K.L.:
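One structure is given below, represented as structure tokens, and several questions about it will come after.
Every chain is numbered from 1 and lettered A, B, ... according to where its sequence line falls, protein lines coming before strand lines. Here the structure is a predicted model, which means the values were calculated and not measured.
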Amino acid sequence: MIDLRILQQQKAQIQQNIDNRFMNVSVDTVIALQEQRSTLIQEVDALRKQRNDNAKKMKSRLSTEERTALIEEGKQLKRDIADKEELLRRVESSYLTEAKRIPNFAHPDAPVGKEDKDNLEIRTWGTVPSFSFTAKDHVEIGQDLDLIDFDTAAKVSGAKFYYLKNAAVLLELALERYALDILRTHGFTLTITPDIAKEEVLEGIGFNPRGTESNIYALEGTGTCLVGTAEITLGGYHADTIFSTDQLPIRMAGLSHCFRKEAGAAGQYSKGLYRVHQFSKVEMFVYALPEDSDRIHEELLGIEEEIFQGLQIPYRIVDTCTGDLGAPAYRKFDIEAWMPGRGDGGAWGEVTSTSNCTDYQARRLQVRFKDDQGAIHYVHLLNGTAIAVSRAIVAILENFQQEDGSITIPAALQPYMGMDRITRESR
RNA sequence: GGAGAGGUGUCCGAGUGGUCGAAGGAGGCGGUCUUGAAAACCGUUGAAUCGCAAGAUUCCGGGGGUUCGAAUCCCCCCUUCUCCGCCA
């Protein structure tokens with residue numbers, strides 16, 4: 001949520017930002033509700049004051065008539081307050097519902113555009129491999145080497161699930177450990193998080209836990225959901241906290257499963273492991289002072305690059321356009337790895353994403369800090385993918401495939417894998 | 001899952017339905033004293049909302065209820081601890 005106290009003064013700017021993001025929210029509507037709410041609060045407060053004053057009068061010794069009169073007055077006040085409060089509740093509720101839909105501001109340098117083709121390529125790294133044979137996609141490779149079994153998973157769990165088998169299991173664990181070791185050198189506190197979180201935490205981070213368009217699995221009757229990312233549990237970790245400046249920044253890394261409904265996502269760009277209902281991910285999360293957040297955002301991107309450079313996977317970086325940012329993000333950088341089996345003859349596919357959400361999530365989660373003057377402000381929250389394992393596996397299998405059908409393992413992973421090559425025999 | 005005991009401010013901890021945003025400690029901050037420090041003493045020390053402001057309202061795990069008035073009484077839920085059961 002943005003700071004609602006600036007709605008009136010910065011109305012035009014906020015509405016412009018909403019339009020740049022191609023969202024449908026009316027600032028005027030929110031302001032009208034805000035004014036109604038303010039009036040009602042003043043009225044309720046005035047009535048409550050009358051009630052308190054009335055009650056105070058009865059602390060002393062009184063005649064029966066006086067006391068009876070006061071009690072009658074108190075009863076009437078009680079009814080008036082209840083009525084007014086009910087009205088306030090309704091206005092407040094629609095005010096917040098509407099206000100929460102206002103997206104975060106966007107970084108002035110974020111490209112303005114509607115969809116992912118408007119994203120701005122910042123740089124590329126590595127060399128896109130050229131094969132002297134016909135490259136296979138990871139689905140075919142996974143089948144040939146008996147590494148991934150989609151068919152059995154479809155029978156047991158449904159479409160878009162998978163069994164990892166044989167060396168693919170070791171590959172998953174190797175990637176997790178590889179990423180965690182790098183994060184440790186960057187001062188991150190390592191965690192393995194719960195895979196379930198309460199709806200209020202989901203909402204604080206900016207996810208919509210309910211509704212048909214939601215990408216989140218809700219657990220019926222529990223008020224909880226399967227997490228779509230450890231960003232949720234890492235952001236909830238310090239909810240309702242007031243830090244001192246010397247405690248910040250706090251860098252946390254979380255390994256979790258991620259569950260996503262992905263309703264309606266189909267087509268060749270979503271095939272195989274690329275878009276699935278469950279995968280493992282190591283996520284970075286930082287609680288930062290506002291003045292540090294842009295710098296730390298670059299830092300997170302740097303760590304993501306370090307991880308993919310270590311894996312020797314060619315990639316490009318894009319600066320995400322306003323229409324593709326998502327409500328909480330102020331700025332977002334994606335790493336898109338080269339995937340030779342994607343599309344027709346290979347394509348870039350998103351493997352990481354790092355966002356600076358400034359104070360947007362912190363306001364809902366009540367994560368604050370006290371500055372040296374004793375004033376309280378919201379912290380800035382940032383997140384970034386260290387490794388989304390399923391997509392990293394796509395990139396590795398497709399980029400390191402050999403003519404004989406085997407897969408070479410990037411040097412950085414070999415110690416974790418205990419092998420330098422996956423073959424039909426050594427799987 | 002069953003039985004019992006708790007959940008109060010930064011922390012510990014008291015609290016009779018009205019005088020309680022809340023005793024008393026500890027810690028923090030400021031001051032007196034001191035060459036400096038410690039000790040002692042004095043003062044101060046939560047957050048949110050509405051309001052131009054003065055100020056007002058709200059918050060004692062969360063949510064309901066009783067009452068003119070609730071930290072205090074009742075109900076539900078969450079959570080922590082102890083014991084029993086079950087279990088990887």
K.L.:
Can a salt bridge be assigned to the pair Arg89(A) and Glu86(A) using a cut-off of 4.0 Å between side-chain N and carboxylate O?
P.N.:
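Result for this pair is yes, salt bridge flagged.
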
K.L.:
Ignoring the backbone of Asn52(A), work out which of U57(B), U67(B), G18(B) is nearest its side chain.
P.N.:
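That would be U57(B).
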
K.L.:
Reckon Ile376(A) touches a base, only the sugar-phosphate, or nothing at all at heavy-atom distances under 4.0 Å?
P.N.:
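The answer is sugar-phosphate, as Ile376(A) gets under 4.0 Å only of primed atoms, P, OP1 or OP2.
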
K.L.:
Can a salt bridge be assigned to the pair Glu283(A) and Lys281(A) using a cut-off of 4.0 Å between side-chain N and carboxylate O?
P.N.:
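Salt bridge: yes.
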
K.L.:
Give me the residues of residues 29-39 of chain A where at least one heavy atom lies under 4.0 Å from an atom of RNA chain B, by number, or none.
P.N.:
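Residues of residues 29-39 of chain A that come under 4.0 Å of RNA chain B are, in numerical order, Arg37(A), Ser38(A).
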
K.L.:
Counting side-chain heavy atoms from C-beta on, which of A47(B), G69(B), C78(B) comes nearest to Arg368(A)?
P.N.:
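From the listed options, A47(B) comes nearest.
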
K.L.:
Would you mind telling me which of C68(B), A56(B), G51(B) lies closest to the side-chain atoms of Lys49(A)?
P.N.:
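Closest of the options to the side chain of Lys49(A): A56(B).
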
K.L.:
Salt bridge or not between Arg21(A) and Asp324(A)? Use side-chain N to carboxylate O under 4.0 Å.
P.N.:
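Salt bridge flag = no for Asp324(A) with Arg21(A).
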
K.L.:
Is the closest side-chain heavy-atom distance between Gln8(A) and Glu35(A) below 4.5 Å?
P.N.:
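Side chain of Gln8(A) against side chain of Glu35(A), heavy atoms only: contact under 4.5 Å found.
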
K.L.:
For side chain to side chain donor-acceptor pair (under 3.5 Å), just list the numbers for Tyr315(A) and Glu336(A), CA-CA rounded to whole Å, side-chain angles, deciding distance to a tenth of an Å, and then say yes or no.
P.N.:
CA-CA 5 Å; Tyr315(A) 63 80; Glu336(A) 298 181 345; over 6 Å; no

K.L.:
Are Arg51(A) and Asp80(A) within salt-bridge range, i.e. N to O under 4.0 Å?
P.N.:
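Answer for the salt bridge query: no.
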
K.L.:
Which nucleotide sits closest to the side chain of Ala55(A): U57(B), G51(B), G18(B)?
P.N.:
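The closest nucleotide is G18(B).
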
K.L.:
For Arg342(A), is there an ion pair with Asp137(A) - N to carboxylate O distance below 4.0 angstrom?
P.N.:
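Here Asp137(A) does not pair with Arg342(A) in a salt bridge, since their nearest N and O are not under 4.0 Å apart.
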
K.L.:
Go through G46(B), U57(B), G18(B) for me and flag the one nearest to the Arg48(A) side chain.
P.N.:
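For the Arg48(A) side chain, the nearest candidate turns out to be U57(B).
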
K.L.:
Please confirm whether the backbone N or O of Ile393(A) pairs with a side-chain atom of His138(A), one donor and one acceptor, at under 3.5 Å?
P.N.:
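Pair absent, no side-chain N/O of His138(A) close to backbone of Ile393(A).
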
K.L.:
To the nearest angstrom, how far is Glu200(A) atom CD from G63(B) atom P?
P.N.:
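In whole Å, G63(B) P lies 11 Å from Glu200(A) CD.
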
K.L.:
Please map the stems of RNA chain B, keeping only stretches of three or more Watson-Crick or G-U wobble pairs with both distances under 3.5 angstrom.
P.N.:
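Looking at RNA chain B, the stems formed by three or more consecutive pairs are B:1-7 with B:78-84, B:10-12 with B:24-26, B:27-32 with B:40-45, B:46-50 with B:55-59, B:61-65 with B:73-77.
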
K.L.:
So Ile41(A), base contact, sugar-phosphate only, or nothing? Heavy-atom distance under 4.0 Å.
P.N.:
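The answer is sugar-phosphate, as Ile41(A) gets under 4.0 Å only of primed atoms, P, OP1 or OP2.
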
K.L.:
Classify Lys75(A) by what it touches in the nucleic acid, base, sugar-phosphate, or nothing, heavy-atom distance under 4.0 Å.
P.N.:
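Sugar-phosphate contact only - Lys75(A) comes under 4.0 Å of backbone atoms but never of a base.
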
K.L.:
Pick base, sugar-phosphate or nothing for Arg79(A), based on heavy-atom distances below 4.0 Å to the nucleic acid.
P.N.:
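Contact class for Arg79(A): none.
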
